[in-house]
There are 2 protein chains.
Amino acid sequence: MPQDSRKQQGDTTRDTLIKTATRVFAELGYHGASTRAIAKAADVNQALIGYHFGGKEDLYQAVFVAIAEALEQRMTTRLEQLKVLLAEPDPAPEECLVALETFCGGLVELMLQPETEYWSQLILREQQHPGPAFDVLYERFMGRVLGITTRLVGHLRPDLQSDEVKTLVITVLGQILVWRFARTGIQRHMGWSSPDIEAIKHRVFTNIRLLLTKEPLE
Amino acid sequence: MPQDSRKQQGDTTRDTLIKTATRVFAELGYHGASTRAIAKAADVNQALIGYHFGGKEDLYQAVFVAIAEALEQRMTTRLEQLKVLLAEPDPAPEECLVALETFCGGLVELMLQPETEYWSQLILREQQHPGPAFDVLYERFMGRVLGITTRLVGHLRPDLQSDEVKTLVITVLGQILVWRFARTGIQRHMGWSSPDIEAIKHRVFTNIRLLLTKEPLE
DNA sequence: CTCGTTTATTTAATCGATTGATTAACTATG
DNA sequence: CATAGTTAATCAATCGATTAAATAAACGAG
């Protein structure tokens, strides 16, 4: 690793602090994670949090901006693909279905990646008490995912009203998100050490087709 | 309100502390909720937490025992109904479906009740870092719900293997649970002040029938 | 019924430890 | 020497826990 020049050293410290703080905040909670614990875990002097970010609260904000950027980066390609499809005059239903499957498959993988565990913990916490950190997350990630999938499902199910489409979208996404949010309980129930991604994907794909291709029962 | 006798006063203090602590722990997190803040919110002397429970950690445990008991009480009737149905030699599929719908309908109502908000926040937190508090919750509530629904779905879908049934159950429950643990994001997306319970129920019922009555696609 | 005693509960005050923040001195790069 | 970054030390505030004193209901003896 090349030795940082003095000016680059500051950026390195910032990055290290954000990365470490993501983990410590997720593990101990905002109040439980002391600036000293974060600094020690990052192998950095405690006063540097104040120097680089201003204070603990500002570091917390910086963590969420970083999470939103990372999520944005991972999903932006897939979201663009859906946008392109929806830009067509009248996309074929089967094409929409495959695109939605691909998108949801990526979401399943994202939910099951170990590295997203800290993110989900922080997002869950923040969602319970929405502050400025949640606004960043919603605008840069959640809102975009919800928006594009709603448009896609709306095209697949023209028989449904606007609110009905939204409700359906939530349930479709819910069966994916649950694998992250209820992970501990699920593991205890299924007796898995690590979840079988392909099996989950297969189930989600099947469900999507059942929920979006079948005509309403009555 | 009748004046408490001296002996009853202790129990009253205990109950008040648990009820208040449920809210404060949920709002501020374990570390964020100081014993002084809890005591002040409960209008009780701070030292009484130590006197009645031993310490902060013990009060936290007591909160989860109370939550588990409340959840148990609310669901035990519905769970018994399912057990009775499953005890029959060969329950009719339609009967199983209706029973599952009824059960899931109750679950939807539970998820949307304002009073369960504190519970869900605490459960989510505890699930991320499972401790003894989570054990109580799983054994008395989650495990029983998962177990009984899995048996029911297994009977409805004899074409699926054991793990496939469990996976299907998780997705079915996930589309219900999501209304609670993604509540803030959902509200922002749907622009609701308060969710339309009947619409959600209708969607969940429709989904259940689509997912559990249709034969596998291939 | 009344008094003194026991018991459970409550209270204010205080303990050492830890918190986030800040300071001034220090280091190294340009 | 100027600047950006780092460091150890210290600040008042707050933390959970504990203490001894205060309060009042419960109880047995007379």
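Chain letters run A, B, ... following the sequence lines, proteins first and then strands; every chain starts at 1. Both backbone and side-chain heavy atoms feed into the values below; hydrogens, waters and symmetry mates do not. The structure presented is a predicted model; accordingly, all values stated were derived computationally and were not measured.
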task = Apply ring-ring contact (aromatic ring centres under 6.0 Å, His included) to Phe141(A) and list each qualifying residue two or more places apart in sequence or on a separate chain.
result = none
Starting at atom [atom1] of [X], determine the distance to atom [atom2] of [N], rounded to an integer number of angstrom.
{"X": "Gln8(A)", "N": "dA4(D)", "atom1": "CD", "atom2": "C1'", "result": "13 Å"}
{"X": "Phe53(B)", "N": "dG16(D)", "atom1": "CZ", "atom2": "C1'", "result": "16 Å"}
{"X": "Gln9(B)", "N": "dA22(D)", "atom1": "CD", "atom2": "C1'", "result": "14 Å"}
{"X": "Ile38(A)", "N": "dT18(C)", "atom1": "CD1", "atom2": "C1'", "result": "15 Å"}
{"X": "Leu17(A)", "N": "dT6(D)", "atom1": "CG", "atom2": "P", "result": "9 Å"}
{"X": "Tyr60(B)", "N": "dG16(D)", "atom1": "OH", "atom2": "P", "result": "14 Å"}
{"X": "Leu28(B)", "N": "dT14(D)", "atom1": "CG", "atom2": "P", "result": "15 Å"}
{"X": "Lys40(B)", "N": "dC15(D)", "atom1": "NZ", "atom2": "P", "result": "11 Å"}

ask   = Is it the case that Lys56(A) places NZ or CZ above or below the six-membered ring of Tyr30(A), under 6.0 angstrom from the centre and within 45 degrees of the axis?
value = yes
ask   = With Lys83(B), which residues qualify under side chain to side chain contact (heavy atoms under 4.5 Å, CB included), at least two apart?
value = Glu80(B), Ile148(B)
Parallel, tilted or perpendicular, as decided by the 30° and 60° cut-offs, for the rings of Tyr60(A) and Phe25(A) = perpendicular
message = Can you tell whether the side chains of Arg157(A) and Glu164(A) come within less than 4.0 Å, N to carboxylate O?
response = no
task = May I ask you to test the Lys201(A)-Glu109(A) pair for a side-chain heavy-atom distance under 4.5 Å?
result = yes
Quick test: give all pairs of protein nitrogen or oxygen and nucleotides 20-24 of chain C nitrogen or oxygen below 3.5 Å, distance rounded to 0.1 Å.
unit_1, atom_1, unit_2, atom_2, d
dG20(C), OP1, Thr35(A), N, 3.4
dG20(C), OP1, Lys56(A), NZ, 2.6
dG20(C), OP2, Thr35(A), N, 2.8
dG20(C), OP2, Thr35(A), OG1, 3.0
dG20(C), N7, Arg36(A), NH1, 2.8
dG20(C), O6, Arg36(A), NH2, 3.0
dA21(C), OP2, Lys56(A), N, 2.9
dA21(C), N7, Gln46(A), NE2, 3.1
dA21(C), N6, Arg36(A), NH2, 3.3
dA21(C), N6, Gln46(A), OE1, 3.0

request  = May I ask you to verify if any side-chain N or O of Thr13(A) is less than 4.0 angstrom from the OP1 or OP2 atom of dT6(D)?
outcome  = yes
